[in-house]
Amino acid sequence: MGVAIRRATESDRADVVRLMNESFHRDPVSSWVFPDEERRRRRHGALMGAFLDLAFAEGYVDIAEDGSAVALWWSVPAGAEHADGAPEDGPAQLREAVDPDNERVEVIGQLTSEIHPTDRPHQYLHMIAVRPDRQGQGLGTALVNAVLERCDRDGLHAYLEASNARSRELYLRLGFTDLGQALDLPDGPTMWPMWREPRLGRTGAPSSR
C-alpha cells in the first residue's frame, strides 16, 4: 500500500504521544514496566513522551501523513557510548522524570543499553507505533521500509529490539535476524535484539564507506 510519510516536528508532539500511548498500552514490555493497570494509565504516556522528546533531540521521527503510525529512529555512529543519545545516567534520569517510585523504568533502560551494539554505525529503530484500529494494514512495514531502502542504498546497518513475538516476525520478514541471546526481563517478557545487514541490489549497490 502507498503510505505518505513525512518528518514529524514538535507541533505533532501531543498527537504522537497519544498514538504511542494507545499503541503500546498493552504491549508486554509496557505491561511489565507498569504492571498495575491504574499506574500504567497515569504514567505510561509520560514515558512515551520522554522517548519522543529524546528522538526529537537526538534522532528523527517519521510519521504517516494521516497520523496513523510513527517511527522513532537514531543514527548511531561507531563507538557511541550511548546508542540512544542519552547520558550515562539516562535511565536514572528517565525514572526520575517519569515515575520515581518505579525502578523498572530505570531497569529497562539499563538492560537495553547493555545489549545494544555500538561497534558499527547503524540506524536504530527505537519504537514504531500504529494506531490500534489501523494495525495489520501495512503501515508499520511502510514506515520501516522507507528507512531500510536508504540503508540498502547507502550500505547502512539497522538494529532494533522487538518487544513481542508478533513484531519479531514482521522484522524477520524485513531482513532482520536475531542478534545474540534474547533478553528476558526479570520475571517478565522476552525482548529480541535484531540486526539487519544492507541488502545488495535492493535499490542499487551500497556506496563504499
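Computed from a predicted model, the values in this text were never measured in an experiment. The first residue of the sequence shown is numbered 1, and numbering continues consecutively from there.
At a threshold of 4.5 Å between non-hydrogen side-chain atoms, the residues Arg168 and Asp178 count as touching. Side-chain contact check for Asp99 versus Leu47: every heavy-atom pair is 4.5 Å or farther apart. At a threshold of 4.5 Å between non-hydrogen side-chain atoms, the residues Gln135 and Ser23 count as touching. With a 4.5 Å cut-off on side-chain heavy atoms, Met194 and Leu172 count as touching. Taking 4.5 Å as the limit, every side-chain heavy atom of Glu106 sits out of range of all side-chain heavy atoms of Glu96. With contacts defined as side-chain heavy-atom distances shorter than 4.5 Å, the pair Leu156/Ser75 does not qualify. Between Leu170 and Phe176, the closest side-chain pair of non-hydrogen atoms is not below 4.5 Å. With contacts defined as side-chain heavy-atom distances shorter than 4.5 Å, the pair Val147/Tyr60 qualifies.
The neighbour count for Gln110 CD, taken as heavy atoms of other residues, nucleotides or ligands under 6.0 Å away, is above 12. Counting non-hydrogen atoms of neighbouring residues, nucleotides and ligands closer than 6.0 angstrom, the CD atom of Glu38 exceeds 12 such neighbours. In the displayed structure, Asp133 atom CG is contacted under 6.0 Å by more than 12 heavy atoms of other residues, nucleotides or ligands.
No donor-acceptor pair closer than 3.5 Å links the side chain of Trp192 to the backbone N or O of Ser167. The backbone N or O of Leu174 sits less than 3.5 Å from a side-chain atom of Arg196, completing a donor-acceptor pair. Judged purely by atom type and a 3.5 angstrom limit, Ser163 has no side-chain atom pairing as donor or acceptor with the backbone of Met191. Under the 3.5 Å distance criterion, the side-chain polar atoms of Arg131 are left unmatched by any main-chain donor or acceptor of Leu19. The backbone N or O of Ser68 lies less than 3.5 Å from a partner atom in the side chain of Asp66, making a donor-acceptor pair. For Thr112 (side chain) and Ile108 (main-chain N/O), a donor-acceptor pair under 3.5 Å exists by modelled atom type. Side chain of Asp12 to main chain of Thr9: a donor-acceptor pair is present (N/O by atom type, distance under 3.5 Å, no hydrogens or angles).
Heavy atoms only, all atoms of each residue included: Pro35 and Arg104 are closest at CG-NH1, 3.9 Å. Scanning all heavy atoms of the two residues, the minimum distance from Leu143 to Ala64 falls at CD2-N, 4.2 Å. The two residues Gly45 and Asn21 come nearest to each other via the heavy atoms N-OD1, 3.5 Å. When all heavy atoms of Pro193 and Tyr159 are compared, the pair lying nearest together is CB-OH, 3.4 Å. Of all heavy-atom pairs spanning Pro117 and Leu179, the tightest one is CG-CD2, 3.8 Å. Here the closest heavy-atom approach between residue Ile128 and residue Tyr171 is recorded as CG2-OH, 3.1 Å.
Distance CG/Leu94 to CZ/Phe51: 5.5 Å, rounded to 0.5 Å. Here the straight-line distance linking atom CG of Asp89 with atom CD of Gln93 works out to 4.0 Å at 0.5 Å rounding. The structure places CD of Glu149 at 11.0 Å from CZ of Arg199, a figure rounded to the nearest 0.5 Å. To the nearest 0.5 angstrom, Leu185 atom CG is 7.5 Å from Thr190 atom OG1. Here Met48 contributes atom CE and Arg43 contributes atom CZ; the two are 12.0 Å apart, rounded to the nearest 0.5 Å.
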Should Val17 and Met20 be marked as a side chain to side chain contact (heavy atoms under 4.5 Å, CB included) after you check the CA-CA gap, both sets of side-chain angles, and the distance that decides it?
CA-CA 5 Å; Val17 170; Met20 293 170 63; 5.6 Å; no

Decide yes or no on side-chain hydrogen bond (donor to acceptor under 3.5 Å, both in side chains) for Gln123 and His157, but give the supporting numbers first.
CA-CA 6 Å; Gln123 300 299 294; His157 307 282; over 6 Å; no

Could you walk me through whether Arg40 and Arg26 pass the side chain to side chain contact (heavy atoms under 4.5 Å, CB included) check?
CA-CA 9 Å; Arg40 194 181 330 145; Arg26 299 197 180 280; 4.3 Å; yes

Determine, stepwise, if the pair Asn102 / Arg95 fulfils side chain to side chain contact (heavy atoms under 4.5 Å, CB included).
CA-CA 7 Å; Asn102 186 354; Arg95 172 183 175 180; 5.7 Å; no

Step by step, would you call Glu22 with His44 a side-chain hydrogen bond (donor to acceptor under 3.5 Å, both in side chains)?
CA-CA 10 Å; Glu22 293 176 355; His44 185 258; over 6 Å; no

When you look at Arg39 and Asp101, which way does the side chain to side chain contact (heavy atoms under 4.5 Å, CB included) test go after all the steps?
CA-CA 11 Å; Arg39 194 185 196 105; Asp101 295 329; 3.4 Å; yes

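Residues Arg7 and Asp62 are paired through a salt bridge, judged by an N-O separation under 4.0 Å between the basic side chain and the carboxylate.
Taking the six-membered ring for Trp and thresholds of 30 and 60 degrees, Tyr124 and His122 have ring planes more than 60 degrees apart, a perpendicular arrangement.
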